[in-house]
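First the proteins, then the strands, lettered A, B, ... as listed; each starts at 1.
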2 protein chains.
Amino acid sequence: MVTAQPEGREPARKRRAPVTSRGEDKRRRILEVAGELLATRGYAGTSLADIAEAAGTHAGSLYYHFDSREQLAEEVLTSGTRAAMDHTRAAVDALPANASSRRRLETAITAHVAFILERSPAALAGARAVGQLPPPLAEPLHALFREYGDYFAELFEAAAADGAIDPTVDLRAARMLVVGAANWTAEWFRPDGPSSAEDVGQLLCRLIFDGIGTGRRRPAPRPTGAGEHR
Amino acid sequence: MVTAQPEGREPARKRRAPVTSRGEDKRRRILEVAGELLATRGYAGTSLADIAEAAGTHAGSLYYHFDSREQLAEEVLTSGTRAAMDHTRAAVDALPANASSRRRLETAITAHVAFILERSPAALAGARAVGQLPPPLAEPLHALFREYGDYFAELFEAAAADGAIDPTVDLRAARMLVVGAANWTAEWFRPDGPSSAEDVGQLLCRLIFDGIGTGRRRPAPRPTGAGEHR
DNA sequence: GTCTATACTAGGATAGAC
DNA sequence: GTCTATCCTAGTATAGAC
């Protein structure tokens with residue numbers, strides 16, 4: 001009760017009432033450095049002591065702001081992923097109303113790539129960690145990723161529907177290949193390379209629509225069994 | 001025809017005296033189940049107790065066969081990755097000598113995808129774990145991945161050199177996008193889906209060379225700054 | 001709000017019986 | 001070779017001073 005815990009019990013979260021702006025700042029700072037550490041070292045490689053040190057505090061002190069390591073990680077990962085999704089949606093929504101389905105998909109992809117590569121370590125951490133997390137933590141993140149995936153699915157389907165991409169391909173597989181390529185960029189991209197994040201996004205778009213081959217187009221490598229899609 | 005590692009050397013590893021064929025069998029069994037667990041739960045999510053139980057033994061007993069958890073994991077991950085590389089090389093080498101550079105690249109990609117998806121949990125585990133591992137373990141695996149990456153780089157460069165793919169693109173970026181898409185398949189591919197592993201590999205090849213767009217080809221989305229690459 | 005000190009646990013590793 | 005028992009460390013989490 002030193003902490004002035006008004007015995008009206010806290011809900012699920014910790015969440016401090018006071019909100020001395022300094023306190024909220026600290027909390028944000030913790031989330032920020034946690035995002036960076038999670039992005040570079042992964043969930044398993046990041047201890048509370050690591051986070052605390054990077055945030056200029058001590059492991060025990062983190063419990064004033066968060067209930068547990070898992071809750072902290074969940075907040076970082078889901079907020080990062082949500083930020084990426086919001087950013088991507090906003091970029092698409094900013095297009096003129098008559099933008100083509102191709103343009104919309106291209107915009108979403110480049111926005112996503114650019115965002116995870118240069119804007120949000122937390123988003124990158126989410127992309128890297130998904131599928132590598134202990135079950136209780138994995139669930140909420142998976143739900144979010146499914147939502148994000150559904151959004152991309154809409155864009156792909158719209159493009160297929162109005163003929164911008166071949167509607168006979170397995171759209172889900174194509175989408176997953178693209179998402180995989182995008183998320184994997186975190187493993188190799190370096191800002192000082194010959195291509196910027198924007199360039200990488202554009203290149204990925206080119207792979208989707210045109211490829212980088214020079215030969216005459218071969219519509220479908222395998223005439224049979226292409227599947228219908230999702 | 002692919003892997004036939006003849007147990008030759010045994011340097012800094014554990015002793016090797018016994019070799020009751022039953023003992024070697026046990027060792028292999030441990031490596032096998034470890035591969036499966038690492039592929040599904042990741043390195044951090046797999047304890048020695050998990051591995052021991054799956055192999056029908058006890059945690060302490062593993063130390064008869066391996067020096068440490070890290071060494072065990074390293075052996076699983078590197079041998080899986082090496083097997084994938086050997087398999088891919090063998091598939092390419094099996095092509096007629098006059099096979100086109102495009103055909104060679106396509107063969108490598110489909111072989112790699114099919115191998116990690118349906119042949120080797122350990123290879124899949126390597127692909128998923130790389131970049132998410134504690135430094136001492138990460139190093140040897142990174143070296144292997146670099147070697148494998150170099151092999152793909154050769155195939156891409158050969159294709160660019162004889163005009164099968166646009167030589168003005170950042171080849172390294174293109175290659176990494178492709179590798180990323182391939183390795184990420186582990187996160188979403190299900191054998192009972194509409195596309196087989198083979199289909200997914202083919203689709204990825206199509207993305208590289210032709211794309212799945214229907215419009216007239218736009219050679220380079222961005223006339224400037226395409227970079228020359230490595 | 002943040003500190004220090006400490007309890008507690010999971011899991012890696014070792015020893016010795018068999 | 002494998003088992004059981006145990007040690008030991010790292011790391012999460014709690015308590016209470018300030």
Atom-pair distance ([atom1] on [X]; [atom2] on [N]), nearest Å:
X: B:Arg29; N: D:dT2; atom1: CZ; atom2: C1'; answer: 16 Å
X: B:Phe66; N: D:dG1; atom1: CZ; atom2: C1'; answer: 14 Å
X: A:Glu53; N: D:dG11; atom1: CD; atom2: C1'; answer: 15 Å
X: A:Leu62; N: D:dA15; atom1: CG; atom2: P; answer: 17 Å

Salt bridge check, A:Arg69 against A:Glu74: does any charged N sit closer than 4.0 Å to a carboxylate O? no
Would you mind checking if B:Glu32 and B:Lys26 are paired as a salt bridge, meaning a charged N to carboxylate O distance below 4.0 Å?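 Salt bridge absent between B:Lys26 and B:Glu32.
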Side chains of residues 128-139 of chain B: which donor-acceptor pairs under 3.5 Å do they make with residues two or more places apart or in other chains?
from     : atom 1 : to       : atom 2 : distance (Å)
B:Arg128 : NE     : B:Glu187 : OE2    : 3.1
B:Arg128 : NH1    : B:Ala39  : O      : 2.6
B:Arg128 : NH2    : A:Gly131 : O      : 2.3
B:Arg128 : NH2    : A:Gln132 : OE1    : 3.0
B:Gln132 : OE1    : A:Arg128 : NH2    : 3.0
B:Gln132 : NE2    : A:Arg128 : O      : 3.3

Run the salt bridge (Lys or Arg N to Asp or Glu O under 4.0 Å) test against A:Asp86 and tell me which residues pass, sequence neighbours left out.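 Scan of A:Asp86 (salt bridge (Lys or Arg N to Asp or Glu O under 4.0 Å), adjacent residues dropped) gives none.
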So if I define the base as every atom that isn't primed, P, OP1 or OP2, how would nucleotides 3-13 of chain C read as a B/S/- string at a heavy-atom cutoff under 4.0 Å? BB-------SB
ring-ring contact (aromatic ring centres under 6.0 Å, His included) evaluation trace for A:Phe152 with A:Phe156: CA-CA 6 Å; A:Phe152 270 99; A:Phe156 270 90; 7.1 Å; no
Using only heavy-atom distances, determine whether the side chains of B:Tyr63 and B:Ser68 contain a donor-acceptor pair under 3.5 Å. no
Looking at A:Tyr64, does any N or O in its side chain come under 4.0 Å of the phosphate oxygens OP1/OP2 on C:dT2?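 No.
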